[in-house]
Amino acid sequence: MGKVVILGVFVADTSYRADRMPRMGETILGNSFALGPGGKGSNQAVACSRIGAETHMISKLGRDDFAKMALETWKEAGVVAHADQVGDSYTGAAYIFVEEQSGDNAIIIAPGAAALISEADVDANADLIAGADVFVTQLEQPMGAALRGLEIARNAGVKTILNPAPAADLPEGMLALCDYVTPNETECEALTGVAVDTEDDAARASEALQKLGVRHPIITMGERGVYLHGHGMVAAISAGPVVETTGAGDAFNGGFAAALAEGKTTQEAVLIGCATAGISVTRPGTAPSMPSRAEVDALLRR
């Protein structure tokens, strides 16, 4: 069992399913509604813990019912929480629209208290980060906090993973702190200027990321799988019909981080990440869709 520290955001997912997205000013009837735990960092932590890593989550919450949901979600998954609660803010929430037929989604996030995560908060957890095997962060919390976390981890010799989502302009030198960067096609284009539609596009984009300092670029490409620089495409692993893709990227990142932390090679960790994502999309929701290690191992054997 390796140790993974994740800096990120919890939000309560309010998920609406309908046949199509309403146009501006239009009201349509939906097919279903669900409330559940989400946020990229939190989802990744749940996936990581279920795959078997000792997982620690650094975040901030409000003092409300959604905060209770966060703490219960982490406890159930075995995630160790390092989350201050802020009385004069609120726990984050997300609006998720899911297109019924395809399972594709559109998302609006209001991070709430997690938007207050500062470099000082990260410094307060410096020993925790420095003692990890793998450090993971995203871009839903303030950029300065993510950058500081990567700096602490790199200086301590900890493997670093940046999931650059949502897409944003990065400070100069931030990518050079990353052993692994895991953008999807859209995020990769925002980082490199290279539109990623084919494997050749992914190869060019990966080369651009390496020139920016990333040691191991990994581009997630949905149902096609992932592009691993130096190795080409790793095909997606199907576990059944797709129900919802919302948590797929988080499932990949969590499974990948857990596998790296236990000493798997990059290629082996990518396969575990793909299997984790492959199972997650067969289930509704985000954190609740994350599979166990036994399920992932069974899928890989198959």
Under a 4.0 Å threshold between the charged nitrogen and the carboxylate oxygen, would [Y] count as salt-bridged to [X]?
| X | Y | value |
| --- | --- | --- |
| E295 | R283 | yes |
| E244 | R17 | yes |
| R148 | E151 | yes |

Main-chain N/O of [Y] paired to [X] side chain as donor or acceptor, under 3.5 Å:
| X | Y | answer |
| --- | --- | --- |
| R154 | A176 | yes |
| S89 | A113 | yes |
| T160 | D179 | yes |
| D84 | K60 | no |
| D201 | T198 | yes |
| T286 | P37 | yes |
| T276 | I272 | yes |
| E187 | N184 | yes |

What about [X] and [Y], same hydrophobic cluster or not, with Ile/Leu/Val/Met/Phe/Trp/Tyr joined at side-chain heavy-atom distances under 4.5 Å?
| X | Y | value |
| --- | --- | --- |
| V136 | I117 | no |
| I161 | M174 | no |
| M221 | I218 | no |
| Y90 | I108 | no |
| L61 | V79 | yes |

Closest approach of [X] to [Y] (non-hydrogen atoms, all atoms of both residues):
| X | Y | answer |
| --- | --- | --- |
| G8 | S59 | O-OG, 2.7 Å |
| F10 | S42 | CD1-OG, 3.5 Å |
| A47 | G255 | CB-N, 4.4 Å |
| S289 | P284 | CB-O, 3.8 Å |
| Q85 | A67 | NE2-CB, 3.7 Å |
| A257 | V134 | O-CG2, 4.0 Å |

Are more than 12 heavy atoms, taken from residues, nucleotides or ligands other than [X], located less than 6.0 Å from that residue's [atom1] atom?
| X | atom1 | value |
| --- | --- | --- |
| E26 | CD | yes |
| E76 | CD | no |
| E100 | CD | yes |
| D169 | CG | no |

[atom1]/[X] to [atom2]/[Y] distance, rounded to the nearest 0.5 angstrom?
| X | Y | atom1 | atom2 | result |
| --- | --- | --- | --- | --- |
| K3 | E54 | NZ | CD | 5.5 Å |
| R20 | F97 | CZ | CZ | 8.5 Å |
| I152 | F135 | CD1 | CZ | 7.5 Å |
| Y95 | S15 | OH | OG | 9.0 Å |
| K40 | N253 | NZ | CG | 8.5 Å |
| N105 | Y16 | CG | OH | 15.0 Å |

Side chain to side chain, [X] and [Y], heavy atoms closer than 4.5 Å:
| X | Y | answer |
| --- | --- | --- |
| V5 | N125 | no |
| P217 | Q210 | yes |
| N163 | F252 | no |
| D133 | V4 | no |
| D104 | T245 | yes |
| I51 | M290 | no |
| V9 | V11 | yes |
| M143 | L170 | yes |

Quiz item: Can you list the steps and then say if H216 with K159 is a side-chain contact (heavy atoms from CB on, under 4.5 Å)?
Solution: CA-CA 11 Å; H216 304 284; K159 292 178 182 176; over 6 Å; no
Practice problem: Please lay out, stage by stage, how L209 and C188 fare under the test side-chain contact (heavy atoms from CB on, under 4.5 Å). | Solution: CA-CA 9 Å; L209 286 169; C188 191; 4.2 Å; yes
Exercise. State which residue, out of T73, T246, D13, D250, fulfils the side-chain hydrogen bond (donor to acceptor under 3.5 Å, both in side chains) condition with N43.
Key: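 Of T73, T246, D13, D250, side-chain hydrogen bond (donor to acceptor under 3.5 Å, both in side chains) with N43 is met by D250 alone.
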Self-check item: Residue of the set L177, L175, L7 for which side-chain contact (heavy atoms from CB on, under 4.5 Å) holds with L150
Solution: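 Answer to the side-chain contact (heavy atoms from CB on, under 4.5 Å) test with L150 among L177, L175, L7: L177.
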Quiz prompt | Worked verdict on I6 versus Q138 for side-chain contact (heavy atoms from CB on, under 4.5 Å) | solution = CA-CA 9 Å; I6 297 178; Q138 324 75 31; 3.7 Å; yes
Exercise. Show your reasoning for whether side-chain contact (heavy atoms from CB on, under 4.5 Å) applies to F66 and L35.
Key: CA-CA 10 Å; F66 286 170; L35 172 65; 4.1 Å; yes
